[in-house]
Visitor: 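One structure coming up, written as structure tokens, with questions to follow.
Both backbone and side-chain heavy atoms feed into the values below; hydrogens, waters and symmetry mates do not.
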Amino acid sequence: MRNDATLAAVTESAELVLPLLPPRDLAAAASACRALRAAAAAVTTRRAADAARGLEPLPIPFHNRVDSKPYAYFLYTPFSLARLPPSASSSPGAQAWGGVWTRPPVPTWPRPSLDGFPSAVCGCACEAGECGGAGCACADAETDAAGSSSEGGMGSLGECGDGCACGPSCGNRRTQCGVAVRLRVVRHLQKGWGLHAAEALDRGQFVCEYAGEFLTTEEARRRQRIYDELASAGKLAPALIIIREHLPSGKACLRVNIDATKVGNVARFINHSCDGGNLHPVLARSSGSLLPRLCFFAARDIVEREELTFSYGDARVRPKGLPCFCGSSGCCGVLPSEET
């Protein structure tokens, strides 16, 4: 009877503590006793079943037939955040993942504010169902619903924001309610993890936002130096992306740095393709927000199980970068990477 009570106590404690542990600590706990080994295996199974921790409308499972890694560990956020404090950046803290509790609700409304990044209280006052139309102050008349512009390249999209009279069901908030298409994270022999469609996607369909930490240029440069050293040694797969909007003259007019290496969403797994890929990157601006968000739409019809890719940029900027394994007919052999 005493052994049964002890086992029950260990199992109950494990269900509370183990989901908070990173993989190395989880493995260490599993070696302590049979009960903890079983509990840790259950946590691992649940983690592999949903990279999004229940924070997206649909689960996003891992799928690996290449090696023994059941999942990739990182902290999940459905939306981009202001840079974490220096102490948290080196050790971002714990996020429960793989517990036995009921699936939590989908992303809350309104979207969380970005501490340190002010937003203006302004927006449209459209009647229900009229947002995004010709009379909506938030819509961009020069772009279509997927943010495609006649000039090609990175698109732009205007959406309603916090100051608007409409709510989360507004049709002009297509990128603000999380990942609503079925995706899965697949392990590749050479590329590592990649994001795949788990259902057919139509051209122009919203796929996901690139969520992570918004960084200053100074912090982005500092982190990139560290990431480059670790990546060249095969110890890290960084997910720091730098977005530049250019004027017709070619001069940069806006720079946005988003780092999903430690804190991000499933977009961190989207690999590069030298042929431009099947995703169309779009800068989405919510009315009143200071910073745009990088969002991805299907650039063409995408079949189920197809890998989702886009172009990281011009590989000629740093010809001695990491090797590219995109497999496209025009592959440059080197991943794009630029001096930050």
Visitor: In chain order, what residues pass the side chain to side chain contact (heavy atoms under 4.5 Å, CB included) check against Arg182, with sequence neighbours excluded?
Guide: Leu58, Ala198, Glu199

Visitor: Could you work out, with side chain to side chain donor-acceptor pair (under 3.5 Å) as the rule, every residue matching Tyr71, not counting sequence neighbours?
Guide: Arg47

Visitor: Mind checking the CG-OG1 spacing from Leu240 to Thr261? Nearest 0.5 Å is all I need.
Guide: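 Nearest 0.5 Å value for the CG-OG1 distance: 6.0 Å.
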
Visitor: Without swapping roles, check the side chain of Glu209 against the backbone of Phe79 for a donor-acceptor pair under 3.5 Å.
Guide: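 Not confirmed, Glu209 side chain does not pair with Phe79 backbone.
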
Visitor: By the rule that ILVMFWY residues connect when side-chain heavy atoms come within less than 4.5 angstrom, directly or transitively, which residues belong alongside Val186?
Guide: none

Visitor: What's the separation between atom CD1 in Ile226 and atom CG in Leu236, rounded to the nearest 0.5 Å?
Guide: 10.0 Å

Visitor: Over all heavy atoms of both residues, which pair between Ala220 and Arg255 is shortest? Give the atoms and the distance, please.
Guide: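 For Ala220 versus Arg255, the nearest heavy atoms are CB-NH2, 4.2 Å.
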
Visitor: Quick one: ring pair (Phe, Tyr, Trp, His ring centres under 6.0 Å) pairs with a partner in residues 156-192, sequence neighbours left out?
Guide: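 Of all non-adjacent pairs touching residues 156-192, those that pass ring pair (Phe, Tyr, Trp, His ring centres under 6.0 Å) are His188-His196.
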
Visitor: Step by step, would you call Val266 with Tyr76 a side-chain contact (heavy atoms from CB on, under 4.5 Å)?
Guide: CA-CA 8 Å; Val266 292; Tyr76 200 94; 3.9 Å; yes

Visitor: Apply side chain to side chain contact (heavy atoms under 4.5 Å, CB included) to Asn64 and list each qualifying residue two or more places apart in sequence or on a separate chain.
Guide: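 Checked Asn64 against side chain to side chain contact (heavy atoms under 4.5 Å, CB included); matches are Val66, Asp67, Lys69, Arg187, Trp193.
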
Visitor: Would you find a donor on one side and an acceptor on the other, under 3.5 Å apart, between the side chain of Gln205 and the backbone of Asp202?
Guide: yes

Visitor: Please give me the minimum heavy-atom distance between Thr175 and Cys295, naming the atom from each residue.
Guide: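 The answer is CB-SG, 3.7 Å.
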
Visitor: For Phe296 and Phe310, take the angle between the two ring planes, folded into 0 to 90°, and tell me which bin it lands in: parallel under 30, tilted 30 to 60, perpendicular over 60.
Guide: tilted

Visitor: Using salt bridge (charged side-chain N to carboxylate O under 4.0 Å, His left out) as the criterion, list what pairs up with Arg300, not counting sequence neighbours.
Guide: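 Result, salt bridge (charged side-chain N to carboxylate O under 4.0 Å, His left out) vs Arg300: Glu306.
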
Visitor: Give the minimum heavy-atom separation between Tyr210 and Ala239, together with the two atoms involved.
Guide: OH-O, 2.7 Å

Visitor: If the condition is side chain to side chain contact (heavy atoms under 4.5 Å, CB included), which residues does Ala231 pass it with, not counting sequence neighbours?
Guide: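 Testing Ala231 for side chain to side chain contact (heavy atoms under 4.5 Å, CB included), a comparison that skips the adjacent residues, returns Pro238, Leu322.
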
Visitor: Looking at Phe74, is Arg53 sitting on its ring face, NZ or CZ under 6.0 Å from the six-membered ring centre and within 45 degrees of the normal?
Guide: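 Judged by the rule, Arg53 and Phe74 form a cation-pi pair.
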
Visitor: Is there a side-chain contact between Leu183 and Leu308 (heavy atoms, below 4.5 Å)?
Guide: yes

Visitor: Report yes if some heavy atom in the side chain of Ile258 is under 4.5 Å from a heavy atom in the side chain of Ser80; otherwise report no.
Guide: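 Result yes, sub-4.5 Å side-chain heavy-atom pair found.
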
Visitor: Show the numbers, then the answer: is there a side-chain contact (heavy atoms from CB on, under 4.5 Å) between Gln224 and Asn257?
Guide: CA-CA 11 Å; Gln224 189 65 65; Asn257 312 293; over 6 Å; no

Visitor: Taking only residues two or more places apart in sequence, or in another chain, which ones meet Arg46 in a salt bridge (charged side-chain N to carboxylate O under 4.0 Å, His left out)?
Guide: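 Counting only residues at least two positions away or on another chain, Arg46 forms no salt bridge (charged side-chain N to carboxylate O under 4.0 Å, His left out).
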
Visitor: Got a second to check how far Phe214's CZ is from Leu290's CG, nearest 0.5 Å?
Guide: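 Here the interatomic distance stands at 9.0 Å.
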
Visitor: How far apart are the closest heavy atoms of Cys331 and Cys324, and which atoms are they?
Guide: SG-SG, 3.7 Å

Visitor: If you look at every heavy atom in Pro59 and Ala49, which pair is closest and at what distance?
Guide: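 Shortest heavy-atom separation between Pro59 and Ala49 comes out as CB-O, 4.1 Å.
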
Visitor: Tell me if a side-chain donor or acceptor on Asn278 pairs with a main-chain N or O of Thr309 at a distance below 3.5 Å.
Guide: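 Checked: pair present.
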
Visitor: Within a strict 4.5 Å, meaning less than it, do heavy atoms of the Arg184 and Arg305 side chains meet?
Guide: yes

Visitor: Just how far is it from atom CZ of Arg293 to atom CD of Gln176, taken to the nearest 0.5 Å?
Guide: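 It comes to 5.0 Å.
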
Visitor: Mind checking salt bridge (charged side-chain N to carboxylate O under 4.0 Å, His left out) for Arg285 and listing every partner two or more places apart, or none if nothing turns up?
Guide: Glu245

Visitor: Could you check if a side-chain atom of Cys164 sits within less than 4.5 angstrom of a side-chain atom of Cys170, using non-hydrogen atoms only?
Guide: no

Visitor: Measuring from atom NE2 of His280 to atom OG of Ser311, what distance do you get when rounded to the nearest 0.5 angstrom?
Guide: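 Going from NE2 on His280 over to OG on Ser311, the span is 13.0 Å.
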
Visitor: Starting from Leu195, can I reach Tyr73 by hopping between I/L/V/M/F/W/Y residues whose side chains sit under 4.5 Å apart?
Guide: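 Hydrophobic grouping puts Tyr73 with Leu195.
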
Visitor: Decide yes or no for Leu75 and Trp97: does some side-chain heavy atom of the first lie under 4.5 Å from some side-chain heavy atom of the second?
Guide: no

Visitor: The criterion is side chain to side chain donor-acceptor pair (under 3.5 Å); which residues satisfy it with Asn265, sequence neighbours excluded?
Guide: none

Visitor: Can you tell me how far the CG atom of Leu294 sits from the CD1 atom of Ile243, to the nearest 0.5 Å?
Guide: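 Those atoms lie 4.0 Å apart.
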
Visitor: For the side chain of His272 and the backbone of Tyr312, is there at least one donor-acceptor N/O pair under 3.5 Å apart?
Guide: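 Judged by distance alone, yes, a pair lies under 3.5 Å.
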
Visitor: Do the non-hydrogen side-chain atoms of Cys138 and Asn172 ever get within less than 4.5 Å of each other?
Guide: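 Heavy-atom side-chain distance check passes, below 4.5 Å.
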
Visitor: With a 4.5 Å limit on heavy-atom distance, are the side chains of Arg223 and Glu213 in contact?
Guide: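 In short, these two side chains touch, coming nearer than 4.5 Å.
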
Visitor: Which heavy atom of Ala197 sits nearest a heavy atom of Ile302, and at what distance?
Guide: CB-CG2, 4.1 Å

Visitor: Compile the donor-acceptor pairs under 3.5 Å between side chains in residues 24-45 and protein atoms, sequence neighbours left out, one pair per line.
Guide:
{"unit_1": "Ser31", "atom_1": "OG", "unit_2": "Ala28", "atom_2": "O", "d": "2.6"}
{"unit_1": "Thr44", "atom_1": "OG1", "unit_2": "Ala40", "atom_2": "O", "d": "3.1"}
{"unit_1": "Thr45", "atom_1": "OG1", "unit_2": "Ala41", "atom_2": "O", "d": "3.0"}

Visitor: Please identify each residue that fulfils side chain to side chain donor-acceptor pair (under 3.5 Å) with Ser273, with sequence neighbours left out.
Guide: Asp275

Visitor: Following the transitive rule for hydrophobic clusters with a side-chain heavy-atom cut-off under 4.5 Å over Ile, Leu, Val, Met, Phe, Trp and Tyr, establish whether Phe325 and Ile270 coincide in one cluster.
Guide: no

